[in-house]
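See below for the structure under consideration.
Computed from a predicted model, the values in this text were never measured in an experiment. Within every chain, numbering begins at 1; the chains are lettered A, B, ... in the order of the sequence lines, protein sequences first and strands thereafter.
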Amino acid sequence: MKIAVNEAPSIRSRRGRLLIVATVALALGLIAGACGSSSTSNEEGSLTVYSGRSESLVASLYEMFTAETGIAIEARYGDSGELGAQIITEGSASPADVFFSQDAGALGAVSAAGRFSELPSSILDQVPSQFSATNGTWVGVSGRVRVIAYDNVKVTNPPTSIDDLLDPKWKGQIGYAPTNASWQSFVTGLRVLRGEDGAEQWLRAFAANQPKAYEKNGAVLDGIAKGEVQLGLVNHYYLNERIKAKGAENVKISNQYIGNGDPGGLVNVAGVGILSSSKHKTSAQKFVEFLLSPTAQQYFADKTFEFALVSGVTASDPTQPTLASLQSPAIDLSDLASLEQTQELLQKVGLLTK
Amino acid sequence: MMTKEAVLDQTPGVRRRASMPLGVSPVVAIVAVLAAAIAALPLLYLLIQASSRGLDTVVEEIWQRRTFDLVLRSLSLAFVVTALSLVVGVCSAFFIVRTNLPGYRIFAVALVLPLAMPSYVAAYAWISWVPSLAGFWGAVLVLTSISFPFVFLPVAASLRRIDARQEDVARSLGLTSRHVAFRLTLRQIRPAATAGALMVGLYALSDFGAVATMRFESFTWVIFGAYRAGFNPTRAAILSLALVAISIIFVWLELVVRGDGRAAKVGAGVSRAPNRLKLGPSRFPAAALLSVVVVVTLAIPFVLVLRWFFEAADSGIDSGEIFGAMRQTVFVSFLATVGAVFFAVPAAVLAARVKARWAQSTERTVFVIHALPGIVIGLAVVYLGIRLVPSMYQRLPMLIFAYVVLFMSLAVGSVRASVEISPVALEDSAQSLGLSRFAVFRKMTLPLARPGIMAGAALVFLTVMKELPATILLRPTGMDTLATELWNRTSVADYAAASPYALVLILVAAVPAALLTFTRETR
């Protein structure tokens, strides 16, 4: 310790200098940060979009919008649910003008919190009414369908209803992604359509058939390809993505679309709403109109293989059925907001957590 | 709280302190209190949110069988992770500091590096390789792997500090080696071990990445769910307050278990570095055991990330984007570190030098909120920030502020340990020679605490780098860090596309992690 004291002057000066440098750096950094971000902050006409759809998917679409209208977009990317919670927490001071969500549940929650303003009928009328909010606060942009993907070599008679999945012959042969939002939306739909008891009954029987849990929908298809399972409960477009990546001749998987209003054929949408606190409502409306324009609708159909919700768009996959022919279950998509109860039910029957 | 038998407590320095009303500069005390006030802000938000639907809702939400189960599950997770971390951390520290284990220098670094691994990456790596790991034990594996260095580091440091002459004296007084180990050595490392254990326990309570990927329903899982699936901030706040209550118990427990066995050496006599125990032939099995620890905690997750990386390398990597994200990450992490250390040092000095209850509570407040998951702190800053300073909302200063709230406790622990071992008598004499209290702080306390400050800074730095939920909520629009880019890619595709970011994140975070070893090594 004696040594330390003797050395104190040199350490002191070095320490002192370090302290000053650090303090100055912090101050400068904060000032630079404040100025830097204020220069990019919301100028007249620029639009803040809270985007639950990922950057890799929609960034180029947003650029197209700016090129077309001259309105700059400031996109904040995040998980749709977290962005919904953030908008609700921000309250009326929210900087967001538009919320573009990956699924209807988060839109329903923001709407229920009274944070959306009503959309004009010129927008709402473009999309079939079942794909928008019943109170007109948000509109669907693109649709995805739950399907049963199957190994088309081993399986000749794929299930045509979710109740077929309970057949013992599929024991241990079904893959699913327990934490995936679309799977959980399907279960929410199941609860809405069959009631809590009916849903629990089906889930318990499903669990008894020992389905195999995967991390993601893509991994479910990997599981089918590797022969670990024969069926997979996924969204329709994972097959398209796989074919695009590996070539059609290398993919021995097909999609079984479930009709007859069966809960297994749920159509969920990505949708968009305008914040009631937005100070750029005209620009915001232009943005929503752009998302429903043929350009954007074709973009989603081509890039994500999703279903266009506005008519007049050709699917990039010719084998894909039309939305109207699907006989999907009739459900108010705003009801999909009761996701937390779904998770509780899934935990109760042992299909979510361990 | 002096324990009767503790020989070490009888140093003049410790006695001297008790008689002083305020042993630190008022400036230090004020900044320390400010630090506690900042840390308490999230609690303010939680109280507002939780009570927004009346007391009935609070009672209803808490008074459920489910909440009870949740408490049990989270506590078991925290206890098992803490116990395992203590065993792994203390044993490996002992082997590395006190034995002639082959390659102990390499091990000293390798055992710290798991800190650089983000929990969500490690968990995803494991579960993609061994899907059956999902659940409690998977979460235990990942959390222990990442957090045992919190125990290893301070214990190794305190083992290095032990003056071997004390052990010589103990032996000469007739104590057997076993007695020396238990009555002297263990007692001396106890404060370090319990402080580390507290960090592990709070980390296990607060982490979301590992439990989410391993699908283990803990408090954080349910709190995240209440926000992003239930859109019910009230419920999330009530559950968060329950988590805070558990955290208070943890913080209090640490205080009790730690005791007051501080060991500041004063006076004549040169201390002697401890002997390295000659292990003989048993050193090879011991090295093998430590190798297993390194393989499980570090090598396996890292190799899996590397494998993804080589898959991704085929499809092209945008190195410009990665470099930009890296620069941004280092920049914000640096600012956050400076901010966190600025508040942490006074809080730690106050706690080390002033034994009054208010001073201790000041420091403890900083720890209590460390059990809260990032999304809660993030939304607390969203809620208060947008209402109090709207002009700074989603600007850099507010993001840095959130980081400071989240992570200053990481620095407090190691700084306090450093201050506690520097003798207070020196500061007293400096003051009696005419230096002001603040001058003493600047010229003596700070330089002597430098290893602890550097270690705390490194810890904050690498943890900020990995932070995700608060970053997504509060970052300036358009700012991408390595963690957000990583998240961007994992949310749409598989890990291959994200792996370059994961890899760079781990490698950059490994630099301060390795530094942690060396700041301790050179003291």
Toward chain A, the part of [X] with a non-hydrogen atom under 4.5 Å:
X       : value
I375(B) : side chain
T213(B) : both
A226(B) : both
L474(B) : backbone
I127(B) : side chain
R475(B) : both

Need one label for [X]: side chain, backbone, both or neither, based on atoms under 4.5 Å from any heavy atom in chain B.
X       : value
Y50(A)  : side chain
T342(A) : neither
E344(A) : side chain

Hey, does [Y] have a side-chain heavy atom less than 4.5 Å from the side chain of [X]?
X       : Y       : value
Q86(A)  : Y383(B) : no
W221(B) : Q347(A) : yes
T89(A)  : F231(B) : no
T477(B) : P95(A)  : no

Q) Does Q343(A) reach the main-chain N or O of A229(B) with its side chain, forming a donor-acceptor pair under 3.5 Å? A)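 No, because the side chain of Q343(A) does not come within donor-acceptor range (under 3.5 Å) of the backbone of A229(B).
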
(Q) Sub-4.5 Å heavy-atom contacts with chain B: which residues of residues 99-112 of chain A show up? (A)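 Answer by number: G105(A), A106(A), A109(A).
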
Q. Is any residue of residues 75-85 of chain A within less than 4.5 Å of chain B by heavy atoms, and which ones?
A.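 A75(A), R76(A), Y77(A), G78(A), D79(A), G81(A), E82(A), G84(A), A85(A) fall under the 4.5 Å cut-off.
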
Q.
Could you measure the distance from the CG atom of L379(B) to the CD1 atom of I88(A)? Nearest 0.5 Å is fine.
A.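 L379(B) atom CG to I88(A) atom CD1 measures 10.5 Å (nearest 0.5 Å).
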
(Q) For the CD atom of Q394(B) and the OG atom of S94(A), what is their distance to the nearest 0.5 Å? (A)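 Rounded to the nearest 0.5 Å, the CD-OG separation comes out at 7.5 Å.
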
Q) side-chain hydrogen bond (donor to acceptor under 3.5 Å, both in side chains) with T66(A): which residues, sequence neighbours excluded? A)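 For T66(A), no residue satisfies side-chain hydrogen bond (donor to acceptor under 3.5 Å, both in side chains) once neighbours in sequence are set aside.
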
**Q.** chain B contacts, top residue of E55(A), Q341(A), Q184(A), K212(A) (heavy-atom pairs, under 4.5 Å)
**A.**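 Ranked by contacts with chain B, first place is E55(A).
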
Q. Passes side-chain contact (heavy atoms from CB on, under 4.5 Å), K216(A) versus Y124(B)? Steps please.
A. CA-CA 11 Å; K216(A) 288 168 184 281; Y124(B) 194 87; 3.8 Å; yes

Q.
For the residue pair Y393(B) / E90(A), report whether a side-chain donor-acceptor contact shorter than 3.5 Å exists.
A.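 Yes, because at least one side-chain N or O of E90(A) sits under 3.5 Å from a partner of the opposite role on Y393(B).
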
Q: List the atom of R215(B), the atom of A213(A), and the distance in Å for their closest heavy-atom pair.
A: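 Heavy-atom minimum between the residues: NH2-CB, 3.6 Å.
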
Q. With sequence neighbours excluded, what pairs up with D335(A) under the salt bridge (charged side-chain N to carboxylate O under 4.0 Å, His left out) test?
A.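 For D335(A), no residue satisfies salt bridge (charged side-chain N to carboxylate O under 4.0 Å, His left out) once neighbours in sequence are set aside.
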
